[in-house]
Amino acid sequence: MRIQYPPNVHIIRTPCTGRLETEYFMRAIENGADGVLIAGCLEGGCHFIEGNLCAKRRVNYTREMLAEIGLEKERLRMVNVSAAMARPLADIIIDMVETVRKLGPNPLRQSDTSRKLETVS
Amino acid sequence: MDKDNNKKIGAVLVQGGGIAGVQASLDLANSGFKVYLVERDAAIGGMMSHLDKTFPTGDCATCIVSPKLVECARNLNIEILTLSELVGLEGEPGNFKATVKRYPRYVDEEKCTGCSECTQACPVEVPDNFDRNMGKRKAIAKHYAQATPNIFGILKIGHAPCKTTCPANINVQGYVQLIKKKEYIKAVNLIRERNPLSAICGRVCTHPCEAACTRSNADEPVAIRLLKRFASDKEIEMIESGELALPKERTPAPNAKKVAVIGAGPAGLTAASDLAERGFAVTVYEALSAAGGMLRWGIPEYRLPKKILDYEIELIRRKGVTFVFNCRVGKDISIGQLCKDNDAVFIGVGVNEGRPLGVEGENMQGVLQGVEFLRRAGSTDSKPEVKDKVVVIGGGNVAVDVARTALRLGAKSVEMISLEQRHEMPAYKEEVEATLKEGIKIRNGWGPRRILGNGSVTGIELKRCTSVFSYDGRFNPVYAEHDRISLDAEQIITAIGQTSDGRFLEHIGAQTAGRYFKADPVTLQTSLDGVFAGGDTVSGPASVIEAVAAGKRAAESIEQYLNGGNLRSGRFEETIRPVPEELLPSINNIEKKSRQQSCELPVAERACNFHEVEIGLTEEAALAEAQRCLNCALCSECKECIEACEQNAVDHAMRERTVELEVGSVVLTAGFEEFDATRKGEFGWGRYRNVVTSVQFERMLSAAGPFQGHVVRLSDGRETRNIAWIQCVGSRDSSCGNEYCSSVCCMAATKQAMVAADHVDRLDATIFYMDIRAYGKDFDQYYERAKSQKGIHYVKSIPSRIVQMPGTDNLRVRFVDEDRELKEQKFDLVVLSVGMEPSASIVDCAAKIGVELNDYKFCATKRLLPLSTSKPGVFVGGAFQEPKDIPETVTQASAAASMAMEMLASARNTLITKKSYPDEHDVTDEEPQIGVFVCHCGMNIASVVDVERVVEGVRNQPGVITATHTMFTCSDTSLSNIKDMIHEHRLNRVVVASCTPRTHEPLFRETLREAGLNPYLFEMANIRDQCSWVHSSEPDAATDKAVELVKMAIARAHFLSPLEGSTLAVDQKGLVIGGGLAGMTAALTLAEQGFEVHLVECSERLGGHLHNIYRTLEGDDISGFTNDLISRVKNHPKIELHLETEVAGVSGHIGKFTTTLSKNRQTSEVTSGAIIVATGGKEAQTSEFLYGTSDNVITQVELEKRLCEGAYQAKGQNVVMIQCVGSRNKERPYCSRICCSMAIKNALGIKKQDPDANIFVLYMDVRTYGFRELYYKQARQAGVVFIRYSPDAKPVIYDDNGLTVALKSPDFPEPIKIEADTVVLSTGIDADLENNKRISNMLKVPLNEDGFYVEAHTKLRPVDFATEGIYLCGLAHSPKFIDENISQARAAAARAATVLSKTYLDVSAQVSYVDQEKCISCMTCVKVCPYNAPFCNKDGKGQIEAAMCMGCGICASECPARAIQLHHFETDQFMVMIRQLFADGNGEILARAPAKIKGITGKA
């Protein structure tokens, strides 16, 4: 579809969002990601039946942890999109970049290059 | 078994690549057969690929179908033949010869890499049929975004009317498209392929093309001539500015054959130009002093400047043509000499003798010939003298030219006398208008009578002409001789036509016809050998473009003549194929755009000079004008794609061809097409833009569709608020011949309304219906949710018509509401739920191969043989057999595959391919040696990302031995290069930065294997989809990102380990649980293929429910069928029967299950590679409606038994049947599917005994889907009364010395009471809950809320369980009919056969494994795994059964002890990418990398 989105977004591949560990989200932010977006299958439409629901639980848990250590929950977000939803996904990414931009740089980051990491199943 | 086993062919042809064909192909290929999957479209995927979501689960159709398509494309034993159809079948079952017609794709499937450069280059945008003409596509494109195979194709339907009408067949559409693309030079070059006089014709052509332009039917034709002129002028401009150089001068080869051309007019010039192009030495002999003929001497300068003429003649001269001027053949040189000196001669002289008037006074001084006048006016030395008062006789173009020239040469007044009325004048309209503008008078309807004067002209006497043409259009002027006038004139110039020079004709000596040469119409040969003639000298005076055409034609003939070829065959004109009229673009909904006008020199600036009057189009106007072209032929053959394709894959010359295939069997899975809604004109589809079909609406909802999922009105793009669905458009409708029900539309409309409600805030959705046929598994629950949760309105009424309201384009729907009142309601958008019809192409195919169709052109089958066609060895599945939805289609496809498997069992594994690979190079003790390959993907990546900078940016990363870039990394040469590099540099890791791993990873992994490397030592960075495509306007940022992505891939590559999947021995036996229809059918299907089967039945006899059924609705005898089936099972040597046996326990996994059987408290164990669950259901019990209290209240099952055993006396009976007893309510929310048909079957049974018996059927919805609908109609015709009741007002029964049923029907104003002799209850089917619970626990497979088993995926894995190796069929799945049970049982057997046919199963290497030392025995993994792969081993630790693991990694993420890892997606492999992404330097990233490759393998 070639829909444009900002180039400061990097995608890491996973077989299923269910494979994503809490640690990945935390490490990404610790290493300097301004935001982490998890894109999983639609609820009820997971390729592996319910991996996305496991991920949802972990993402929600990690969001609470972020809040506890004084970071904004909005830096971590999970969305559900299907393979035919290129346009909505691009909109989500753009929205996420905007959200993170408003929050300002990740305070844990030393260098000042603005980056964001995203994972897609 | 068959005696000629050895003749059987282990290959199957599957016709139709929709989901049915794909499923059948996969099942066949995976069980040892070669498959040819033949598909009419350019890609497989069928109707399902058009859908947005599927019901009732709401899955994205693309998401679920795409992996299946890709699997199909990757299967070595499935050969996909797209754009193909079966057209013949000879031979016998087991050994057929199939003829397949293959239509051209115009793109080489082997060479195309799917890069899409061609689509980017293609200027032609045409309506996209995939989006049902709501969106646009390029003429060269993929069938749809996720198309499989991932290759492009061109849409061609012939040649556009402009091209076919042009005498020279110039590719008009092509050059118009090139102009649209601002490729002006290419446009001119394309014109010059057929016409060397581009700039000239851009000014003076008679442009018959414009008259033929399709656009003229909508508004005005495209200004083709002006566009040609615009492009040509651009070329001249560029030459003048030095931007473009004139072509180099060429000279013919010394030994070239010689051709003489007589006459340097348009015909001669064209022939000379073309012959020179063809390599001949051409000399042109011209009687006058310069080339051009009538172009120079007949057309005035203000229309065709000499500069333009000279320019194009110069181009021809530069091709190596020699001109000899002032050389008149017959005077200065003889034809004999020419013939002697040359190998061939072309005569292209003009006709330039003016035709005399034939009236008195014609020879007086002051009377001039028009052509002579123009010739002198065009010369520099002998300009004619012009008097003040000039009269020009004639109404054609020459007369106009003469008049305007006379004016410019100083005449004070010029008047034209034309026989014709203004609208009849042969001169062009625009020329006439220009003439009038310049102040010239035109006197229409008069002809010359005599010229007045004495010696010198003083005037002319005219007579009135009353008509010019006879009734048949011939020139035949009639005069009113006495109606005369006289005009004063000092000079009279006649321009009433030309004729040829008789002396020249005589000199040549060739045969003539009248005043012209006689030449063969095809070859232009004259009666003299080697002498050809064309143009005016053969045809009489004609247009420039006709002369050009003659020149081209002659050149082609002369080449053949000189090369000794056949002059009549292989001619250019044979390549011209007009677009069939019905395929021309529809002009109904074109947005009107007015034609661009040329600028003109103001009249004041024209007088007394010969400056060019027409200035031409501005660039802006030309671009706008080119946009108006409708692309009638789809592909314009502008050939931009050829240039864009780096792989040279495009081939416009491809032709249709046929191939012959040897196959043992054929499976027809041709699917359906949607009903053509124009056949129901009252709904206005095609006329009202806001009326769409259900397929269009699916595309509208799809995020990948033309509106990105926005629900908008086509008329104004406004978001809709209220939408109506009209059901049964083209179904259940005898007025259009489709009396059947299309089975899926009720649910599809419900789903569309549900999805639309998610897209549109506060959507108001109304569905107009006849009966809601929510008969499938979980459908009724979905329907109830639509009503209660989404507020979708259901109105039981089919509207009579739709009217579009002017101004708003809103739609007024007229219908009779439930209170029987005529109503009208306004909607933004109306969706027509169009029914299913077989496609014309499959109907045709069936006729050719001898397969019978039913009355509605679906494949004719019998209920008890639902998969067999009338032709032995040819099987059918899916919607072509009967309208059905996806699960039933997929089921039937597998079942049809089982029919072929059974027939060809002895030829299994005889034609399949298995690839072998070199031994894997052991990399255990090596440091990582990484090779990086960065792909340009033509321009796909390289036009945005600086590929070379990426290579330089990663070259020094740790471990990188070599980094390079390639044009197409996936091309054959590049892949062999990768293999060479692996050997040369002893690479043990490969990183490719290119496109998506989704399509290309398997290919690269394959390359590694071929080079002796483990395929898991490969990593990919997607710098196309994630860089160049999505950051196309930021090349620097895209390049930076690409460098980072490749660095991340390299970092990860350090952590990759070789993995080896294990293999698993298969116990090639089946186990079937349940001995009813489904169980017996499944067991027999496996046994007939040669597999041993254990059939376990808990009761003492086989047959289950079949014993309660006597006949089908269609009248088939079930008792006989049952007995036959039982005896076949009992006597089958491969079936071991276990009656009165329970399953007591199951262990193991796919390939090897061990099942404990218990019989009379004694247990035994059997093993099998697969298990089929067919445990059945039960007739639902009831105590409602006095059942059990009154003897006259019985169930349908009891009634059927009594009827068939003759125990029921129908005579004079009043029978009331009550439907949905105990179902479709809170307790049992599902529909039992079969009861409506069963009631109709019994009602017809009673009517057969006594046509006067009164039968009342009380129903909620009559759900006789598919062809069962015909029996519903039959019952109504037989007088059975159907009365609807609503679920909240059920009928009431009381027994007061006889039964009375009372109800309040929404369709009747008054309450109804019916006295009944018999009340018959439709109680439906229940799940066998207790038994199902027990077995589901043992097999660890789930049950739904109603107690039926849950399949792996409702739509695409309807007979699989999520647990591999266990399959499901029959009533245990959900209620269904006998034919559906047979299909499902066979499908389950086919699925099981994909396992049992193998001796070993490959187990994926990408599975999870447990580090036994770290495991804390919490068994979290056992709890979270959706596939039951982890188990507690004998040490009390978690362990994962690789054969059952699907590789999702949920367990790895959940394991609290971090004891579990998923191979190839290990924690370290993720973490290193994250660290790399945020690293400033390189060093410490890999600090934690294993120094050497760990020797871990995925061996289970």
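So that the names make sense, note that chain A is the first sequence line, chain B the second, and so on, each numbered from 1.
Side-chain contact between B/Trp1029 and A/Gln4 is absent, with no heavy atoms from C-beta onward closer than 4.5 Å. Within the 4.5 Å cutoff, side-chain heavy atoms of A/Arg19 are placed close to those of B/Phe1470.
The distance from atom CD1 of A/Ile11 to atom CG of B/Asp1025, rounded to the nearest 0.5 Å, is 8.5 Å. Rounding to the nearest 0.5 Å gives a distance of 10.5 Å between NE2 of A/His10 and CE of B/Met1473. Taken from CD1 in B/Ile64 to SG in A/Cys41, the straight-line distance is 11.5 Å, to the nearest 0.5 Å. Taking NZ from B/Lys53 and CG from A/Leu42, the interatomic distance works out to 6.0 Å, rounded to the nearest 0.5 Å. Distance CD/B/Gln708 to CG/A/Asp91: 9.5 Å, rounded to 0.5 Å. Taking CG from A/Leu108 and CZ from B/Phe1478, the interatomic distance works out to 11.5 Å, rounded to the nearest 0.5 Å.
Residue B/Cys1448 comes nearest to A/Pro15 through the heavy atom pair O-CG, 4.1 Å, listed as atom of the first residue, atom of the second, then distance. Between B/Ala1037 and A/Pro7, the shortest heavy-atom contact is CB-CG, 3.6 Å. Closest heavy-atom contact between A/Tyr5 and B/His1031: O-ND1, 2.8 Å.
When heavy atoms are compared at a cutoff of 4.5 Å, B/Ser1028 does not approach chain A at all. Contact annotation for B/Ala61: neither backbone nor side-chain heavy atoms come within less than 4.5 Å of a heavy atom of chain A. At a 4.5 Å heavy-atom cutoff, the contact between B/Glu1034 and chain A is made by side-chain atoms alone. Of the atoms belonging to A/Ile49, heavy atoms from both backbone and side chain fall under 4.5 Å from chain B. For chain A, no part of B/Ser66 is nearby; none of its heavy atoms comes within less than 4.5 Å.
Sorted by first and then second residue, the pairs that involve residues 1445-1456 of chain B and meet salt bridge (charged side-chain N to carboxylate O under 4.0 Å, His left out), not counting sequence neighbours, are A/Arg57-B/Glu1454, A/Arg58-B/Glu1454.
When each of B/Gln1469, B/Gln1026, B/Gln1406 is scored by its heavy-atom pairs under 4.5 Å with chain A, the top score falls to B/Gln1026. Chosen from B/Thr62, B/Ile1450, B/Leu1045, the residue pairing most often with chain A at heavy-atom distances under 4.5 Å is B/Ile1450. Options B/Gly709, B/Gly1447, B/Ser1032 differ in how many heavy-atom pairs under 4.5 Å they form with chain A, and the most are formed by B/Ser1032. Ranked by non-hydrogen atom pairs under 4.5 Å with chain A, the options B/His1464, B/Glu1001, B/Arg1024 are led by B/Glu1001.
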_What verdict does the side-chain contact (heavy atoms from CB on, under 4.5 Å) test give for B/Ile1474 and A/Ile12, after you've listed the backbone C-alpha separation in whole Å, the side-chain angles of each residue and the deciding distance to 0.1 Å?_
CA-CA 9 Å; B/Ile1474 293 172; A/Ile12 291 180; 4.0 Å; yes

*asked:* Go through it in stages, so that I can follow the logic: the residues are B/Thr1467 and A/Glu23, the test is side-chain hydrogen bond (donor to acceptor under 3.5 Å, both in side chains), and I'd like the CA-CA distance, side-chain angles, deciding distance and then a yes or no.
replied: CA-CA 9 Å; B/Thr1467 307; A/Glu23 192 188 350; over 6 Å; no

